[in-house]
*Asks:* 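I have a structure here, written as structure tokens, and I will follow up with some questions on it.
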2 protein chains.
Amino acid sequence: MTNLQTLRNPSNREALELVEDAIQSSRMLTIVGSCEVDYDGRASGYLAEGERLTLLKPDGTVLIHQNQDSDPVNWQPSGSRASASLYEDKLKLESTRSSPDETLEVLFHEVHHASAYSLQDGVELSLYGQESQMQERIMNEPEVIEDGFRALEKERESECGRIDVFGRDDDGNHVVLELKRRRVGPEAVDQLQRYVDDYRDKGYENVRGILVSPSVTDSAMERLEARGLEHLELEPESMTPQRTKSLDEFD
Amino acid sequence: MTNLQTLRNPSNREALELVEDAIQSSRMLTIVGSCEVDYDGRASGYLAEGERLTLLKPDGTVLIHQNQDSDPVNWQPSGSRASASLYEDKLKLESTRSSPDETLEVLFHEVHHASAYSLQDGVELSLYGQESQMQERIMNEPEVIEDGFRALEKERESECGRIDVFGRDDDGNHVVLELKRRRVGPEAVDQLQRYVDDYRDKGYENVRGILVSPSVTDSAMERLEARGLEHLELEPESMTPQRTKSLDEFD
DNA sequence: AAATTCATGTCGTTT
DNA sequence: AAACGACGTGAATTT
């Protein structure tokens, strides 16, 4: 890694120089110090003075992290534009974006530590066990749904969103599948229902709706039954269908 | 701030010492270096070697950030437990959690910079413009919904979730309100419908459902009309109801 | 621990 | 830019 710069207990003026340099040269920047934060945009917020870690990325992302929690206490998403200045002898980091118009102001009373990094990283994460992989599996092996099922199309358009998988069963019924990678509640039933409604409105008859997921909550199952919709148990990770009980397993 | 420790281009053995010390003493830790990452849990993933910034918080949170994006490329949420070791001369940071069982392994080939911080911060964010504030406003000033509306209860239980606001109108109808702080699509209509269904199932008659939000999409409006549900325009931030047209504004 | 919902959600994709 | 849905969503709240 080239260009690692660090300041320990700098004056706010020294810190400003590093911050402006990091923004200019598109380097990742960390600032640890005592600050207060103002946010105004979709909502508005104020965070009184305290010690936090602020991260400014080359793409404009700003993250302010406290001692706890995955989520930053304040932030600005990628595409925002940052600038720094001195305000009453304090270091002010300002980030703005548009649509929606939002501003984030971080006022550092004291900077304890600031660093700028040039990170070399072109690698992307490979992730397994997503809904898209359930979809591929079903397109390739439609029999995991049921004998005689034919998967005709994925991402088929409807009036209110895309249908994960559309197909036909052995009896010639149309079948709408809604896939979920994890256990789901009644909102997933309603999502399936929207697509089924849509095809019935278009004049299709004999439309079955099947929710495909590892499991569903009780209230989701009630709602499925009330609407005449079905559930099929399927795991995303191993992508193996419901395992039948072994001979040693009794009720 | 007490106890700021920093290592620049340390050996992996030196870095290990700092990491273990930070974990032991519950300090915030940043590690910038070249690493590969393995994740296994609800899904599984692999991130090949590259330079990133890793953040380990005192509460067990782990965040691995690349040059871009708000979201970490890999992470472990708060409550996870971290440990460090040397593995084939490399620094291995391992974090595990249970329910769900998940493990994250960060293998540093080279550490460029590592720092540990004790952050003093007991302050919480004050945030305005949330749904809960729309709710309070409506409980206090029910006339923002309509003349004669009485707000009887918030967070009232139903079979499938809590109703934001439950009340009665001037004609004695029961009224279910679903509040949203921003523009919403058809899924919000279905959420409202679930609560209305539930009260009708319980034998209530004359149940009105009103979606309260700054605006709705076209498909949401269609679905509202098809279901006989209503929409009321209300902003979360200023919390002022839909402004009536001034005399200068014509169609 | 399970269920439910909000969120300044963020992010990807398509229209 | 708007709409729509997935996400290893996270976080809060209640049962």
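Chain naming here is simple, since letters A, B, ... match the order of the sequence lines and numbering starts at 1 in each.
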*Asks:* Between D/dG5 atom P and B/D190 atom CG, what is the distance in whole Å?
*Replies:*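 The answer, rounded to whole Å, is 10 Å.
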*Asks:* In whole angstroms, how far is the C1' atom of D/dA3 from the CD atom of B/E222?
*Replies:*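 Going from CD in B/E222 over to C1' in D/dA3 covers 13 Å.
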*Asks:* Between A/Q130 (CD) and D/dT9 (C1'), how many Å, whole number?
*Replies:* 12 Å
*Asks:* Just by distance, with hydrogens left out, do B/R168 and B/H174 show a side-chain donor and acceptor under 3.5 Å apart?
*Replies:*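 Side-chain D/A pair, B/R168 to B/H174: present.
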*Asks:* Say we look at C/dA7 and D/dC7: how far apart would their C1' atoms be, to the nearest angstrom?
*Replies:* 14 Å
*Asks:* Both conditions, 6.0 Å and 45 degrees, for the charged tip of B/K90 above the ring of B/Y87: are they met here?
*Replies:*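 No.
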*Asks:* With sequence neighbours left out, write down each residue that passes side chain to side chain donor-acceptor pair (under 3.5 Å) with B/Q191, or none if nothing qualifies.
*Replies:* B/E178, B/K180, B/Y195
*Asks:* Could you give the CG-to-P distance, from B/D71 to D/dG8, as a whole number of Å?
*Replies:*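 Spelled out: CG on B/D71 to P on D/dG8 is 9 Å.
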*Asks:* What nucleotide, of D/dA6, D/dG8, D/dA3, holds the atom closest to the side chain of B/R183?
*Replies:*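 In terms of side-chain proximity for B/R183, the closest of D/dA6, D/dG8, D/dA3 is D/dA3.
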*Asks:* Take atom CD of A/Q68 and atom C1' of D/dG10, then tell me their distance rounded to the nearest Å.
*Replies:* 14 Å
*Asks:* Strictly below 4.0 Å, heavy-atom distances to any atom of DNA chain D: list the hits from residues 210-219 of chain B, or just say none.
*Replies:*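 Heavy-atom cutoff 4.0 Å gives B/T217, B/S219.
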*Asks:* By nearest heavy atom, map A/E187 and A/T61 onto DNA chain C; which one lands nearer the 5' end?
*Replies:*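 It is A/E187 whose nearest nucleotide is closer to the 5' end.
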*Asks:* Hey, does the side chain of B/W75 come within less than 4.0 Å of D/dG10's phosphate (OP1/OP2), counting only N and O?
*Replies:*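 Yes, within the criterion.
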*Asks:* Tell me what B/L127 touches on the nucleic acid: a base, only sugar-phosphate, or nothing, going by heavy atoms under 4.0 Å.
*Replies:*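 Base contact.
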*Asks:* What is the ring orientation for B/Y204 with B/F166, classed by angle as parallel under 30°, tilted 30 to 60°, or perpendicular over 60°?
*Replies:* perpendicular
*Asks:* Going 5' to 3' on DNA chain C, which nucleotide is the first and which the last to come under 4.0 Å of a heavy atom in chain B?
*Replies:* C/dA1 to C/dC11
*Asks:* Could you tell me whether the phosphate oxygens of D/dT9, OP1 or OP2, come under 4.0 Å of any side-chain nitrogen or oxygen in A/R181?
*Replies:*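 So the side chain of A/R181 is within the cut-off, an N or O lying under 4.0 Å from OP1 or OP2 of D/dT9.
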*Asks:* For DNA chain D, find the residues of residues 152-168 of chain A with a heavy-atom distance under 4.0 Å and give them by number; none if there aren't any.
*Replies:*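 The answer is A/C160, A/G161.
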*Asks:* Please state how far atom CZ in B/R182 lies from atom C1' in D/dG5, giving the value in whole angstrom units.
*Replies:*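 So the CZ-C1' distance, B/R182 to D/dG5, works out to 12 Å.
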*Asks:* Supply the atom-to-atom distance A/S213 OG to A/R181 CZ, rounded to the nearest 0.5 angstrom.
*Replies:*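 Answer rounded to 0.5 Å: 11.5 Å.
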*Asks:* Roughly how many Å is it from CG in B/D69 to C1' in D/dT9, rounded to a whole number?
*Replies:* 14 Å
*Asks:* Find the distance between CG (B/L47) and CG (A/L125) and round it off to the nearest 0.5 Å.
*Replies:* 5.5 Å
*Asks:* Please report the C-alpha distance between B/V144 and B/I138 in whole Å, then the side-chain angles of each, then the deciding distance to 0.1 Å, and finally whether the side-chain contact (heavy atoms from CB on, under 4.5 Å) criterion is met.
*Replies:* CA-CA 7 Å; B/V144 299; B/I138 291 166; 3.9 Å; yes
*Asks:* For the atom pair OG1 (B/T61) and CD (A/Q68), what is the distance rounded to the nearest 0.5 Å?
*Replies:*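 One finds 8.5 Å between OG1 of B/T61 and CD of A/Q68.
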*Asks:* Nearest 0.5 Å, what's the OG-CG distance between A/S34 and A/L107?
*Replies:* 10.0 Å
*Asks:* Write down the atom of A/L177, the atom of A/I163, and the distance for their closest heavy-atom approach.
*Replies:*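 In this case the closest contact between A/L177 and A/I163 is O-CG2, 4.0 Å.
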*Asks:* Is the shortest side-chain N/O distance from B/R42 to OP1 or OP2 of D/dG10 below 4.0 Å?
*Replies:* yes
*Asks:* Less than 4.0 Å between a side-chain N and a carboxylate O, is that true for B/D190 and A/R223?
*Replies:* no
*Asks:* Between B/N74 and A/S98, who's closer to the 5' end of DNA chain D by nearest nucleotide?
*Replies:*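 It is A/S98, whose closest nucleotide lies nearer the 5' terminus.
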*Asks:* Provide, to the nearest angstrom, the distance between the CE atom belonging to A/M134 and the C1' atom belonging to D/dG5.
*Replies:*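 Distance, rounded to whole Å: 15 Å.
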*Asks:* With rounding to whole Å, what would you report as the distance between D/dG8 and C/dT14 at their C1' atoms?
*Replies:*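 These two C1' atoms come out 25 Å apart once rounded.
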*Asks:* Where along residues 192-202 of chain A does a heavy atom come under 4.0 Å from DNA chain D, residue by residue in number order?
*Replies:* A/R194, A/Y195
*Asks:* Nearest 0.5 Å please: distance from the SG atom of B/C35 over to the CG atom of B/L93.
*Replies:* 9.5 Å
*Asks:* Please tabulate, for the side chains in residues 75-85 of chain B, all donor-acceptor contacts under 3.5 angstrom to protein atoms that are two or more places apart in sequence or on a different chain.
*Replies:*
from	atom 1	to	atom 2	distance (Å)
B/Q76	NE2	B/S95	O	3.0
B/Q76	NE2	B/E102	O	3.4
B/S80	OG	B/P77	O	2.6

*Asks:* If you compare all heavy atoms of A/D69 against all heavy atoms of B/K57, which two are closest, and at what distance to 0.1 Å?
*Replies:* O-NZ, 2.7 Å
*Asks:* When you match A/S99 and A/E131 each to their closest nucleotide on DNA chain D, which lands nearer the 5' end?
*Replies:*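 Taking each residue's closest nucleotide, the earlier one in sequence belongs to A/S99.
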*Asks:* Got a donor-acceptor contact below 3.5 angstrom from the B/Q133 side chain to the B/Q130 backbone?
*Replies:*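 A pair under 3.5 Å: yes.
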*Asks:* Considering every strand and a 4.0 Å limit on heavy-atom distances, what is the contact class for A/Q191: base, sugar-phosphate, or nothing?
*Replies:*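 Result for A/Q191 = sugar-phosphate.
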